[in-house]
Amino acid sequence: MDFKKLVKERRSIKHFDKEHSMHKDEVKELFELTLLSPTAFNLQHWRFTVVENKNLREEIKSVSFNQSQVTDASLLVVISGDLDAWKKNPKKYWRNADHKTQDLMGSMIHGFYNQKTQIQRDEVMRSCSMAAMTLMLAAKNLGYDSCPMDGFDFDAVAKLLNFPKNQIPIMFVAIGKKTKEAWPRGGQLSMNEVVSFIQ
Ligand SMILES: Cc1cc2nc3c(=O)[nH]c(=O)nc-3n(C[C@H](O)[C@H](O)[C@H](O)COP(=O)(O)O)c2cc1C
């Protein structure tokens with residue numbers, strides 16, 4: 001799909017066809033593209049949990065303000081972030097580089113994040129948000145619709161999915177075939193309000 005059309009036509013969809021299922025090759029393509037999203041120091045903090053179990057989806061819905069996307073979308077992707085990615089053998093994020101570069105990146109990563117819990121967390125948010133956008137655009141490119149969601153109880157979802165302590169839910173991306181159009185756009189702020197040029 002043409003890029004401008006793709007961006008304009010991605011909307012947050014609230015109603016999905018619950019009978020539709022996606023082919024595994026389509027799902028593979030979504031993640032192949034999503035994993036190419038950028039992350040600081042290439043840390044790739046994101047983790048993607050595709051919830052296929054229907055009962056579990058119902059349980060998640062019950063802690064997500066009963067939003068129907070959770071159960072009705074063809075794919076429910078829970079994007080979470082590993083707060084400790086920066087200290088888990090960081091050289092592996094540079095596995096294609098030479099040893100000297102790996103050592104350099106390892107020490108830069110340590111210097112940037114060590115004892116900086118706010119930055120560790122902010123970075124996870126940035127990385128997962130980047131991935132969520134790629135995932136939604138990749139879905140649109142395949143003719144699917146999506147909804148990014150954070151209307152849920154974060155602790156309850158982490159518990160339902162048995163996440164380890166430092167793996168935190170960031171958002172859901174529900175993907176599938178829409179049965180209703182999106183609401184009219186809420187109203188975009190003008191460029192003057194949000195874009196500034198400093199000379
Ligand atoms: C981080 C985030 C969380 C959101 N959470 C929800 C949600 O829980 N439920 C929902 O229906 N929409 C949710 N939305 C969708 C927004 O309402 C929507 O993106 C916004 O109104 C703009 O509409 P558009 O995405 O169709 O352009 C969320 C969007 C973002 C980016």
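Note: hydrogens, waters and symmetry copies are ignored here, and every other heavy atom, side chains too, is used. For ligands, and for the atoms within them, numbers begin at 1 and follow the listed sequence.
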Subject >> Polar side-chain atom of Glu9 near backbone of Leu6 as donor-acceptor pair, under 3.5 Å >> reply: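 Checked: no pair found.
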
Ligand-side contact atoms (ligand 1) for residue partner [X], heavy atom cut-off under 4.0 Å:
X: Lys14; value: 10 (C), 11 (O), 12 (N)
X: Arg10; value: 24 (P), 25 (O), 27 (O)
X: Arg185; value: 27 (O)
X: Gln69; value: 10 (C), 11 (O)

Subject >> Minimum non-hydrogen distance to atom 9 (N) of ligand 1, winning option of Met149, Gln67, Arg11 >> reply: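 Selected option, by shortest heavy-atom distance: Gln67.
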
Original post:
When you measure from atom 6 (C) of ligand 1 to each heavy atom in Pro148, Gly151, Gly186, Ser68, which option holds the nearest one?
Top reply: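 Result: the heavy atom closest to atom 6 (C) of ligand 1 is in Pro148.
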
**OP:** Using a strict 4.0 Å threshold on nitrogen-to-oxygen distance, state whether Asp103 and Lys91 make a salt bridge.
**Re:**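 Judged by the 4.0 Å cut-off on N to carboxylate O distance, Asp103 and Lys91 do form a salt bridge.
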
Subject >> Lys/Arg cation over aromatic Phe16: Lys178, 6.0 Å, 45° cone >> reply: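 No, cation not above the ring by the 6.0 Å, 45° rule.
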
**OP:** Would you mind telling me if ligand 1 is within reach of the side chain of Ser12, the backbone, both or neither, using heavy atoms under 4.0 Å?
**Re:**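 For Ser12, backbone and side-chain atoms both sit under 4.0 Å from ligand 1.
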
Original post:
For ligand 1, does Cys147 get within less than 4.0 Å through its side chain, its backbone, both, or neither, judged by non-hydrogen atoms?
Top reply: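 Side chain only; the backbone of Cys147 stays clear of ligand 1.
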
**OP:** With rounding to the nearest 0.5 Å, note down the distance linking CG in Asn114 to CD in Gln120.
**Re:**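 These two atoms lie 7.5 Å from each other.
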
Original post:
Counting only heavy atoms on the protein side, is anything nearer than 4.0 Å to atom 13 (C) of ligand 1?
Top reply: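 Within 4.0 Å of atom 13 (C) of ligand 1, protein heavy atoms are found.
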
Original post:
Could any protein non-hydrogen atom be found less than 4.0 Å from atom 21 (O) of ligand 1?
Top reply: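 Within 4.0 Å: no protein heavy atom nearby.
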
Original post:
Using the benzene-type ring in the case of Trp, are the ring centres of His110 and Phe41 under 6.0 Å apart?
Top reply: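 Between His110 and Phe41, the centre distance exceeds or equals 6.0 Å.
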
Subject >> Same apolar cluster (I L V M F W Y, side chains within < 4.5 Å links), Leu137/Leu33 >> reply: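 They do not share one cluster, since no chain of ILVMFWY contacts under 4.5 Å joins Leu137 to Leu33.
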
Original post:
Taking a hydrophobic cluster as the set of Ile, Leu, Val, Met, Phe, Trp and Tyr residues connected by side-chain heavy atoms closer than 4.5 Å, whether directly or through intermediates, do Leu75 and Leu135 fall within one such cluster?
Top reply: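 Leu75 and Leu135: one cluster.
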
**OP:** If you have a sec, work out which protein heavy atom is nearest atom 1 (C) of ligand 1 and how many Å separate them, to one decimal?
**Re:**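 It is Asp150 OD2, 3.8 Å.
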
Original post:
Does a side chain donor of either Ser37 or Thr134 reach within less than 3.5 Å of an acceptor in the other side chain?
Top reply: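 Yes, a side-chain donor-acceptor pair sits under 3.5 Å.
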
